[in-house]
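The structure appears right after this line, and notes come after that.
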Amino acid sequence: MRKNKRAAWIISSLLVLSFVITACGGSNGGKASDAPSGNAGTSANTKTDSGNTKNVNLKVSLWGIQDGFNAPGAKEDKIFNDLQSKFNVSIDPVQITWNDWEEKLKVWAASNQLPDIFPNALAGNLGMYKTWAKQGVIKALPDDLSKYPNIKRVMALPSVQPLKVDGKFYMIPRMTYNDPSDWSLDRPILYRKDWAIEAGFTKDPESFDDLVAMTKAVMAKHPGVTGIATTAKSFLMTHFLGSFPEVVNMKSWVKEDGKWIPSYTSKKMNEGVKQLRTLYEEGLLDKDFATQKDSDGVNKFINGKIFMYFGSPGSIDPFIKANPGATVAKSLGLMKWFPAADGKRYTFTETPYWSEVYFRNDISDEKFDRALQLADYMMSEQYRILVKNGIEGTDYKMEGDKSLSLLATDQSLDKKYPITKVINVLGSWGNGFRYSGKQVISSNPEQAAFEKLFLDTYNQLKKEAVPTPINFDVMLMSTPAKDKIGNLMNTAQDELVKVILGKDDPIAMWEKAVKSFDAKGLQEAIVETNAEAAKLGIK
């Protein structure tokens with residue numbers, strides 16, 4: 001994830017940023033969007049099936065949302081148009097991308113230009129979350145959520161309770177799964193199985209040395225190919241599954257020498273740090289990993305320039321088109337990473353949600369109610385079936401308990417409903433639907449095979465692998481000093497990159513970086529966190 005600056009920056013820079021943005025023309029005429037706003041269709045001021053008689057305009061921000069509105073066929077996106085009509089809303093997109101979202105949201109917050117509805121990931125940075133709540137940047141949810149049953153259900157989850165500020169919630173968690181163990185394939189490792197077999201490797205590596213040997217053998221047979229690429233720098237932490245799995249989720253805390261410490265400060269980091277330096281020095285890790293855009297890694301994999309990719313494309317079509325004769329069954333595999341020292345294979349774990357949806361504080365009560373209605377519906381299984389399977393009778397049909405696609409092999413829901421493709425994750429990620437057995441079976445045989453690969457691997461990992469043990473009570477705990485170092489994990493990520501690229505001894509470089517965190521409040525946070533853990537009886 002990209003760097004966050006401290007919450008104090010938001011407050012102290014409020015007037016300065018507002019002046020700078022206005023002077024530079026960044027205010028966009030008072031609109032938060034930096035792309036022309038528009039929607040695929042608006043609803044008239046007539047009563048809808050949700051009982052709303054007045055049309056309300058909502059400015060909504062999501063990653064790549066403007067791209068959906070600009071896509072061919074956007075105006076004919078029936079699922080999106082029906083959504084607007086159902087709640088009598090007109091949605092204007094406010095663009096953010098995975099490369100700029102954190103900085104944009106901070107600038108908009110500081111200059112009072114936030115959209116009506118927007119995402120953020122502040123559960124891992126409770127200091128900024130509390131600051132925004134107390135400074136009136138974001139709006140508190142109503143105490144009575146009975147009108148919004150899906151929101152009410154989520155807000156009652158134990159893992160959400162630490163996000164109360166003075167007894168109120170100021171966000172809605174965007175649910176990914178029902179259980180932390182279900183995250184097992186959210187750090188997927190996609191690789192060219194055919195190349196591995198060609199090089200003489202027919203099973204997943206059992207050690208780091210196996211991984212190196214396999215990658216070198218593949219590269220020897222395919223000159224110009226690099227070993228490993230990543231979705232983003234944060235996905236590089238996937239490598240630690242084989243040495244120190246807790247740190248793959250960098251927000252986690254671990255107990256070491258009798259006290260709780262941030263996972264990235266643990267001595268157990270050293271082995272994985274050294275291994276990453278080895279991968280880079282021997283040319284097995286993509287040399288551009290530190291500077292690439294998020295799409296670069298997957299594009300390299302699709303175009304046959306990478307053996308192994310930490311991540312996954314949503315659709316397999318680009319890979320099949322770029323590699324004539326390739327098939328999912330023959331060419332691709334999902335690698336199970338090598339076991340840790342205890343002999344167990346671990347999988348990534350997280351709270352059941354990642355990121356949250358927020359509402360600007362001065363949104364009117366009428367707009368707020370409509371926004372909550374919208375979010376509540378978009379969190380429902382009814383909506384998830386619609387966006388994942390399409391419209392029954394048009395895009396799919398039921399045969400027994402199976403959903404069978406009616407789309408031609410060259411059609412896709414993403415192309416048919418381009419706005420829905422982006423905006424459907426506003427209320428929740430809904431990733432668990434992929435493994436529910438309710439997802440439509442694609443009429444595209446390669447996409448169907450790709451989904452089966454994920455489902456089969458997911459079920460196998462559920463049986464054979466171990467979810468990384470993370471104490472979420474400590475991870476989500478809030479104390480003044482702990483909150484202040486919420487962004488320190490991003491600093492640690494940057495320091496890790498420097499170590500990988502460096503020339504001096506990697507362990508010495510890393511230990512020096514960790515020691516420098518003391519000046520940023522690390523030790524005070526450790527003391528407070530352990531005192532609070534003892535108070536709460538957390539061992």
Asp144 and Ser146 side chains, donor-acceptor separation under 3.5 Å:
yes
About how many Å separate CE of Met155 and CG of Leu163, when rounded to the nearest 0.5 Å?
7.0 Å
Please enumerate all residues that pass side-chain hydrogen bond (donor to acceptor under 3.5 Å, both in side chains) together with Glu399, with sequence neighbours excluded.
Lys397
Taking atom types as modelled and ignoring hydrogens, do the side chains of Asn55 and Ser90 form a donor-acceptor contact shorter than 3.5 angstrom?
yes
Would you name the heavy atoms of Ser159 and Pro352 that are closest together and state the gap between them?
OG-CD, 3.7 Å
Where the side chain of Asn444 meets the backbone of Gln411, is there a donor-acceptor pair that is under 3.5 Å apart?
no
Which salt bridge (Lys or Arg N to Asp or Glu O under 4.0 Å) pairs, counting each pair once, include a residue from residues 529-539, with sequence neighbours left out?
none
Going by side chain to side chain contact (heavy atoms under 4.5 Å, CB included), Phe450 matches just one of Leu455, Val328, Asp317. Which one?
Val328
Distance check, rounded to the nearest 0.5 Å: Leu332 atom CG versus Tyr309 atom OH?
13.0 Å
Under 3.5 Å donor-acceptor, Asn530 side chain and Trp260 backbone:
yes
Under 3.5 Å, is there a donor-acceptor pair between the Gln373 and Asp369 side chains?
yes
Testing the 3.5 Å rule here: is there a donor-acceptor pair between the side chains of Ser266 and Glu256?
yes
With Ser364 via side-chain hydrogen bond (donor to acceptor under 3.5 Å, both in side chains) - residues at least two apart
none
Can you say whether the rings of Trp429 and Trp63 are parallel (under 30°), tilted (30 to 60°) or perpendicular (over 60°)?
parallel
Residue pairs passing the salt bridge (Lys or Arg N to Asp or Glu O under 4.0 Å) test where at least one lies in residues 173-184, sequence neighbours excluded
Asp182-Lys462
Would you say Lys251's side chain and Ala123's backbone share a donor-acceptor pair under 3.5 angstrom?
no
Do you know the tightest heavy-atom contact between Gly68 and Ala74?
O-CB, 3.5 Å
If we ignore hydrogens and angles and just use 3.5 Å, is the side chain of Gln439 paired with the main-chain N or O of Asn389 as donor and acceptor?
no
Report yes or no: do Thr420 and Asp77 form a side-chain donor-acceptor pair below 3.5 Å?
yes
Heavy atoms of Val137 and Ala109 approach each other most closely as CG1-CB, 3.9 Å
Spacing of Ile189 atom CD1 and Thr230 atom OG1 [to the nearest 0.5 Å]:
12.0 Å
Answer with yes or no whether the side chains of Ser380 and Gln382 bring together a donor and an acceptor at under 3.5 Å.
no
With no hydrogens and no angle check, just 3.5 Å: does a side-chain donor-acceptor pair link Thr479 and Glu528?
yes
Listed partners of Tyr346 passing side-chain hydrogen bond (donor to acceptor under 3.5 Å, both in side chains), at least two apart
Asp342
Taking side-chain hydrogen bond (donor to acceptor under 3.5 Å, both in side chains) as the test, write out the residues that go with Asn459, two or more places apart.
none
Ser428 backbone acceptor or donor facing Arg384 side chain under 3.5 Å:
yes
Between Tyr358 and Phe118, how do the two ring planes meet: parallel, tilted or perpendicular, split at 30° and 60°?
parallel
Rounded distance [0.5 Å steps], CG in Leu241 versus OG1 in Thr468:
6.0 Å
Using the six-membered ring of Phe310, assess whether NZ or CZ of Arg187 lies under 6.0 Å from its centre and within 45 degrees of the ring axis.
no
Ring pair (Phe, Tyr, Trp, His ring centres under 6.0 Å) against Trp253, all qualifying residues, sequence neighbours excluded
none
Between Asn150 (side chain only) and Met379 (backbone N and O only), is there a donor and an acceptor less than 3.5 Å apart?
no
Tightest non-hydrogen contact, residues Pro162 and Leu476, listed as CB-O, 3.7 Å
Taking all non-hydrogen atoms of both residues, which atom of Pro119 and which atom of Leu105 are closest, and how far apart?
O-CD1, 3.0 Å
In this structure, is the centre-to-centre distance between the rings of Phe80 and Phe69 below 6.0 Å?
yes
By ring pair (Phe, Tyr, Trp, His ring centres under 6.0 Å), which residues pair with Tyr435, not counting sequence neighbours?
Tyr458
Shortest non-hydrogen separation from Leu536 to Met477 and the atoms involved:
CD1-CE, 4.3 Å
Summary of ring pair (Phe, Tyr, Trp, His ring centres under 6.0 Å) pairs that have at least one residue in residues 148-179, sequence neighbours excluded:
Tyr177-Trp183
Partners meeting ring pair (Phe, Tyr, Trp, His ring centres under 6.0 Å) with Tyr383 (sequence neighbours left out)
Tyr377
Under the 3.5 angstrom rule, does the side chain of Lys482 hit a backbone N or O of Met475 as a donor-acceptor pair?
yes
Backbone of Thr349 reached by a side-chain donor or acceptor of Asn249 within 3.5 Å:
yes
Measuring from Ser263:OG to Ile470:CD1, what's the distance to the nearest 0.5 Å?
7.5 Å
Pairs meeting criterion salt bridge (Lys or Arg N to Asp or Glu O under 4.0 Å) with involvement of residues 109-130, two or more places apart:
Asp116-Lys367, Lys130-Asp483
Could you grab the distance from atom NZ of Lys78 to atom CG of Asp395, nearest 0.5 Å is fine?
10.5 Å
Under a 4.0 Å N-O cut-off, is there an ion pair linking Lys168 with Asp166?
no
Determine which pairs satisfy salt bridge (Lys or Arg N to Asp or Glu O under 4.0 Å) with at least one residue from residues 419-447, sequence neighbours left out, and list them in order.
Glu381-Lys438, Arg434-Glu451
